[in-house]
Amino acid sequence: MNQYDLIIIGGGISGMTAALTALENGIKKILLLEREEILGGILNQCIHNGFGKKVLNAEFTGPEYINVIEEKLKEYKIDIKVNTEVLDISMDKIVSYVNPDEGVVDVKASAIILATGCREKYTGSIVIPTNRFTGIYTIGNAHRIINIEGYLPGKEPVIIASSRWALIVARRLFIEGANIKALVVKEGIDFTFNEENQNIIKGFDIPIIKDSKIVEVFGTERIEGVKILNKEKDQYTTIACDSLLLSVGYFPEVDLARKIKISINPKNLGPEVNEYETSFKGVFACGNLIYGINALNEKDIDGIEAGKKASEYITKFIY
């Protein structure tokens with residue numbers, strides 16, 4: 001069984017920067033595991049500027065930032081496996097993974113960094129049927145379709161916006177030529193339509209609807225329109241559209257953390273950490289995973305500090 005000083009699970013930007021930091025701090029044998037076919041995670045679809053300033057002292061688009069870090073990783077000896085799914089972590093830090101080339105493999109770690117991120121998850125909080133029509137997407141899926149696959153999910157969308165991410169997608173759709181029929185702003189504890197967020201779509205001719213909710217969708221096979229209730233005025237408005245983009249829940253991927261009984265933060269649903277170390281000695285966490293349901297509001301999602309803390313642990317207890 002191969003033995004690694006550090007195994008990093010998750011090859012998004014937090015896992016990549018954690019690996020780079022550990023390498024820069026002298027950690028010798030590192031394995032980086034990523035379930036997608038390429039590194040970078042969610043930043044691959046973020047083609048707007050605003051990333052990398054903390055690490056590179058300049059702002060880049062998501063793909064540019066990924067490329068710079070990936071080139072820096074190539075300067076070191078590191079094992080990187082993409083298209084690789086981690087199946088299990090044991091209590092003695094044995095990581096089991098599977099990929100098409102190797103099948104199922106067990107490897108041993110002296111330390112582990114969890115950088116598994118978050119994923120969209122429908123919570124049932126939207127009280128309309130979403131499975132009867134085509135043309136209904138989550139914000140994340142729509143973002144991926146536009147920026148990765150290169151086509152519009154709809155030419156005349158209605159968008160429910162309860163995060164900055166939704167506003168960025170609305171702006172992107174407008175730039176690509178979509179006629180946005182309505183941006184229904186849904187404020188809450190984690191999102192307010194403040195000046196900073198308003199500036200994301202400032203200067204774009206996007207109709208904004210506040211204090212309202214969608215109560216009905218209609219169409220034949222594909223969505224053809226929505227009915228919106230203004231809660232303050234108790235008035236209904238019908239808007240024709242060919243697609244509906246939903247802001248849904250964004251939850252941390254904690255299945256692996258639960259396998260080794262890591263304590264979970266009840267507020268953000270990510271792992272409890274103390275200086276990036278979890279309740280399991282020698283297992284660290286970083287990035288969107290530790291921000292949990294608040295991840296969409298975070299600007300710094302790198303893994304630099306987790307990489308430093310893991311390096312200190314390995315240097316003290318392993319080397």
Side-chain angles (χ1 to χ4, degrees), residues 1-44 51-52 54-56 60 62-90 92-117 253 256-257 276-278 282-290 300-319:
M1 183 186 302
N2 278 343
Q3 171 83 38
Y4 287 90
D5 298 328
L6 176 63
I7 295 178
I8 301 170
I9 302 173
I13 198 63
S14 63
M16 293 174 72
T17 50
L20 180 60
T21 301
L23 290 164
E24 291 174 341
N25 279 272
I27 305 307
K28 299 179 180 65
K29 196 168 183 182
I30 299 176
L31 173 64
L32 176 61
L33 302 172
E34 167 56 36
R35 62 185 163 195
E36 302 293 341
E37 294 181 356
I38 58 174
L39 297 176
I42 198 172
L43 282 197
N44 281 300
F51 303 100
K54 178 180 175 183
V55 181
L56 305 172
F60 296 84
E64 288 172 336
Y65 184 23
I66 293 165
N67 183 65
V68 171
I69 300 302
E70 194 166 10
E71 289 302 310
K72 287 181 177 292
L73 286 172
K74 290 178 182 178
E75 299 174 7
Y76 297 88
K77 185 177 180 181
I78 177 175
D79 289 343
I80 299 175
K81 297 182 185 295
V82 296
N83 201 20
T84 298
E85 185 79 24
V86 174
L87 304 173
D88 194 20
I89 302 176
S90 72
D92 52 357
K93 298 194 184 82
I94 294 175
V95 176
S96 300
Y97 67 81
V98 62
N99 62 43
D101 296 325
E102 300 173 278
V104 179
V105 179
D106 291 339
V107 286
K108 183 79 167 62
S110 297
I112 295 172
I113 295 178
L114 300 175
T116 48
E253 296 274 17
L256 292 174
Y276 298 91
E277 187 171 20
T278 69
V283 177
F284 302 80
C286 63
N288 282 340
L289 177 65
I290 62 173
D300 290 325
I301 55 172
D302 60 78
I304 295 171
E305 297 304 324
K308 289 180 180 177
K309 294 300 179 183
S311 300
E312 291 171 4
Y313 171 86
I314 294 166
T315 301
K316 182 177 181 179
F317 295 106
I318 309 302
Y319 287 171

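- In this structure, L56 and K72 approach most closely via the heavy-atom pair CD2-CE, 3.9 Å.
- Under a cut-off of 6.0 angstrom, the local environment of NZ in K81 is crowded, with over 12 non-hydrogen atoms contributed by other residues, nucleotides or ligands.
- Shown here is E71, whose CD atom has more than 12 heavy atoms of other residues, nucleotides or ligands within 6.0 Å.
- A cation-pi contact, defined as under 6.0 Å to the ring centre and within 45° of the axis, links K29 to Y4.
- With hydrogens and angles disregarded, no donor-acceptor distance shorter than 3.5 Å links the side chain of N67 to the backbone of P63.
- Side-chain contact check for F284 versus T278: every heavy-atom pair is 4.5 Å or farther apart.
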Under the side chain to side chain donor-acceptor pair (under 3.5 Å) criterion, do N99 and T84 qualify, and how do the steps go? CA-CA 5 Å; N99 62 43; T84 298; 3.2 Å; yes
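- Two residues are said to be in side-chain contact when any heavy atoms from C-beta on lie closer than 4.5 Å; E64 and F51 fail this criterion.
- The heavy-atom pair separating I113 from C286 by the smallest distance is CG2-SG, 3.8 Å.
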Determine whether D88 and V86 satisfy the following criterion, side chain to side chain contact (heavy atoms under 4.5 Å, CB included), listing intermediate values before the conclusion. CA-CA 6 Å; D88 194 20; V86 174; over 6 Å; no
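- For the pair M16 and L73, the tightest heavy-atom approach, listed with the atom from each and the gap, is O-CD2, 4.0 Å.
- For A109 against I7, the heavy-atom pair with the smallest separation is CB-CD1, 3.5 Å.
- L39 and E34 make their closest contact through CD2-CB, 3.9 Å (heavy atoms, listed as atom of the first residue, atom of the second, distance).
- Remark: the backbone N or O of G282 is not paired with any side-chain donor or acceptor of K93 at under 3.5 angstrom.
- The shortest side-chain heavy-atom distance between I314 and L6 falls under the 4.5 Å cut-off.
- A cation-pi contact, defined as under 6.0 Å to the ring centre and within 45° of the axis, links K28 to Y319.
- At a threshold of 4.5 Å between non-hydrogen side-chain atoms, the residues I304 and L20 do not count as touching.
- Of all the heavy atoms in F60 and Y65, the pair that sits closest is CB-N, 3.9 Å.
- Between E253 and R35 there is a salt bridge, since at least one side-chain N of the basic residue sits less than 4.0 Å from a carboxylate O of the acidic one.
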